[in-house]
Amino acid sequence: MAAEEAGHGRLVLFSPVFLGAGAATWFLAASNVPAVSLGLCLLVLLIAVALCGHARTRLRAILLALLLFAGGMLSAQIETWRARTLILDSAVTTTLTGRIERREGDGEGRWRYILDVTGTDAPEIKRPPERISVLVRGAARPFELGDIIEGRARLTPPAGPALPHLNDFAFSAYFDGIGANGFFYGAPKKVTEQPEQASSVGEAALEWFYRLRSGIGDRIRSTLPGDTGAFAASLVTDERRAISDETTEALRQSGLAHIVAISGLNMALSAGIFFVGLRVILSLFPGIAQAWPIKKIAAAGALAAVTAYYLISGFAVSAERAFIMMAIMLVAVFFDRPSISLRNVALSALVILAVSPSEVLGPSFQMSFAATLALVAGYDLWKGRPMRENAFAKLPIMKPFFMVGGFFGGIFLTSLIGGFSTALFSIEHFHRLTAYGLPANLAAMPVISFIVMPAGMLAMLLMPFGLDGWLWPVAGFGLDLVIAIAKAVAGWGGNIDVARLPGWYFPAAVFGFLLLTLLRTRLRHIGTAIITVSTFAVVLLPSEAVPDVAISEDGSLVAVIDGEAMASNREKPPAFIFEQWQRALAIEEHQKPVMLQATKTPTMSDGKRLQLSPDQQNEAREAMRQVLAISPTSRFSCQKRAWCTALLGNGKKLTVIENAAYLGPACDTADIVVTPVRLRFDRCRSGALLFTGETLRKTGSVELRFTDSGIDVATAFGPLQRPWMRHRAYDWRSDTFADASQSPVSDSGE
């Protein structure tokens, strides 16, 4: 069977697997691998492959696999060098000046701009990021691309993992070239009357495409109001912010969120509609059909259509991946090769991994190729099935029924295969499963295929002539049906939160999935066995203990986990972080803090730091002790704008302070103290474990587990040696970097 796999060229299909594994290894390593060592390793392997010859097939296959692995590592190094994104080191409020490169509205008068930073002032940032994403509220009208704007803004670095082993948003921001996120205090002002021109031909062309994209989105939203127009614009330009949170959540819970993203589905439908439509039109003219290869002409037209679609889609990663895949499949038609094949999938994966190897760790890349791989492998099995004559199906009266049944059967199978193939990745990255995605897709996909996409494509073809106005309501009618389906299915409550799984499970299950889909003989069932055994092992073996305390990376949010409930120190915790905690820990119940009776809280005067007198410190110390004596176990009791304290189930005392003036009383009364204030020291005089804004900036989010031997501290980051986390070791006061080779765990006071 192994010889048969090699004879059918199945080993070639594993080439992107080895390339991607090398890239993933480089990105997940604790420190940078020397480029010189990688280059020498690659050179030695190239020479070994050349000397090996074709006779020693097994040795040659092993050497080629190692060569691809080393090549993946080197391509990851090159992409990191190419990005060189400068990430803001810490949150700051400054006067910001920048040139608008991109913009996107949310339908409520707020606009998200991508700015090329040209200056900062009061204070001047020593290491300003080159490009940032910033939100503008209250502007009378949106600014145009190329405008120079200025205003007072709050900037923060891209967020790290909400908990250890969760998604690091700074990683993707680094390779997207975004060095900070933020918002303007009020509407900024335009500095120049005329937009500044791009500095190069490439930048000018890119800006022209963004202007075209923005104009198309505005035209669609002006024709179709509300969520319908926002949904339609997202299918064309990938601008999703204007879709309301309610509709977005309904699409996510119903398993229809993949429709919003410009991905393989959208590209395949647009290419298929154009290909079939143009081929049918040309076939109506016998002279053309007999003299010209209309199939290849239709493929060329479809390739031009998907290229235009990609150019106006904003160059999203999912659109780039789908475009490369569709382009390879359409080019295969020119050479009379099968357009749907595993080789084409492997080739598109190789192209993407060679250009953007960082995508190998992203959920978008993984889920897209998992679904495509499973569908193409399933298609190959379907083609190879034994054919049997069905006389009943040949009856003229029965043909329509078999056609309709075949269509819905195809949707059923593709939805089933796509859902199962992406479930593993949805659990790993989003910690959730959609139970009713299959019926939702069965109901929505005919609407998308027969109403929305044909009307939308025809509208886009007629838009340059101003004749698209009557077609958008047709597409809007279909999208209204899809939104109604999504909300109805979401109302069934089929969203299932799945807690974090052991670290070994995901790579083991992915390896089994690859064997199952890439092999053609019975050897593929080894993959089935690996997935089955690893899944049963996760269910039956004891899992890692849930943390007793979770601390956000800025120290402003702390939660105590006790059984099936999570008590936080905030009445309204930040949804972005807290919802990730709930999904990753599979805990829904939120216990809000008990707010103590309001007392006169000392305030700062003349802009100086709050200082407590000895009597005020004694009062605060006594108040904390009294609260700890009477407060419910594992639940915070809070003095507003001052401190929160909780007595844990094991008798430990935890206190969170908002102001450093309460540090003395907190250290004297608690075993664990957390503060978002960036203090210059990291230890309590009483010996209590102290987490400050400064130490948390280096460690990232923290989990505490209480064991018989003490407190087990798990941090999101170890040594800060990778480029996308290096900014955490920067000290703006001295304009230097701390020793990034030391693990920040030691800085936490353990």
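Note that the coordinates shown come from a computational prediction; the quantities given were computed from them, not determined experimentally.
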Output every pair passing disulfide bond (SG atoms under 2.5 Å apart) with a member in residues 627-665, not counting sequence neighbours, ordered by first then second residue. Cys638-Cys644
For the backbone of Cys667 and the side chain of Ser686, can you confirm whether one donor and one acceptor N or O come within less than 3.5 Å of each other? yes
Which atom names give the shortest non-hydrogen contact between Ala670 and Val673, and what distance separates them? CB-CG2, 4.1 Å
May I have the step-by-step check of salt bridge (charged side-chain N to carboxylate O under 4.0 Å, His left out) for Arg102 and Glu104, ending in yes or no? CA-CA 7 Å; Arg102 281 180 277 169; Glu104 183 177 349; over 6 Å; no
Distance-only polar pair, side chains of Asp227 and Ser244, donor-acceptor under 3.5 Å: yes
Residues two or more places apart in sequence or in another chain: which of them pass ring pair (Phe, Tyr, Trp, His ring centres under 6.0 Å) with Phe536? none
Hey, is the main chain of Lys653 close enough, under 3.5 Å, to the side chain of Asp671 for a donor-acceptor pair? yes
Could you pull out all residues at least two apart from Tyr730 that satisfy ring pair (Phe, Tyr, Trp, His ring centres under 6.0 Å)? Phe737
Would you say that more than 12 heavy atoms from the other residues, nucleotides or ligands in this model lie under 6.0 Å from the CD of Glu589, or not? yes
Give me each pair satisfying salt bridge (charged side-chain N to carboxylate O under 4.0 Å, His left out) with a member in residues 558-580, each pair once, sequence neighbours excluded. none
Surrounding CG of Asn650 (heavy atoms of other residues, nucleotides or ligands, distance under 6.0 Å), is the total greater than 12? yes
If you take the centroid of each ring, where Trp contributes its six-membered ring, are Tyr113 and Phe184 closer together than 6.0 Å? no
Only pairs under 3.5 Å count here: list side-chain donor-acceptor contacts from residues 123-130, not counting sequence neighbours, and write none if there are none.
from, atom 1, to, atom 2, distance (Å)
Lys126, NZ, Trp732, O, 2.8
Arg127, NH1, Ile87, O, 3.4

Could you label the plane-to-plane angle of the Phe576 and Phe169 rings as parallel, tilted or perpendicular, counting under 30° as parallel and over 60° as perpendicular? tilted
Only counting residues at least two apart or in another chain, list the ones meeting side-chain hydrogen bond (donor to acceptor under 3.5 Å, both in side chains) with Asp554. Ser552, Ser556
Taking Thr120's backbone N and O only, do any of them form a donor-acceptor pair with Thr95's side chain (distance below 3.5 Å, no angle check)? no
Judged by atom type as modelled, is there a donor-acceptor pair below 3.5 Å linking the side chain of Trp724 to the main-chain atoms of Ser172? no
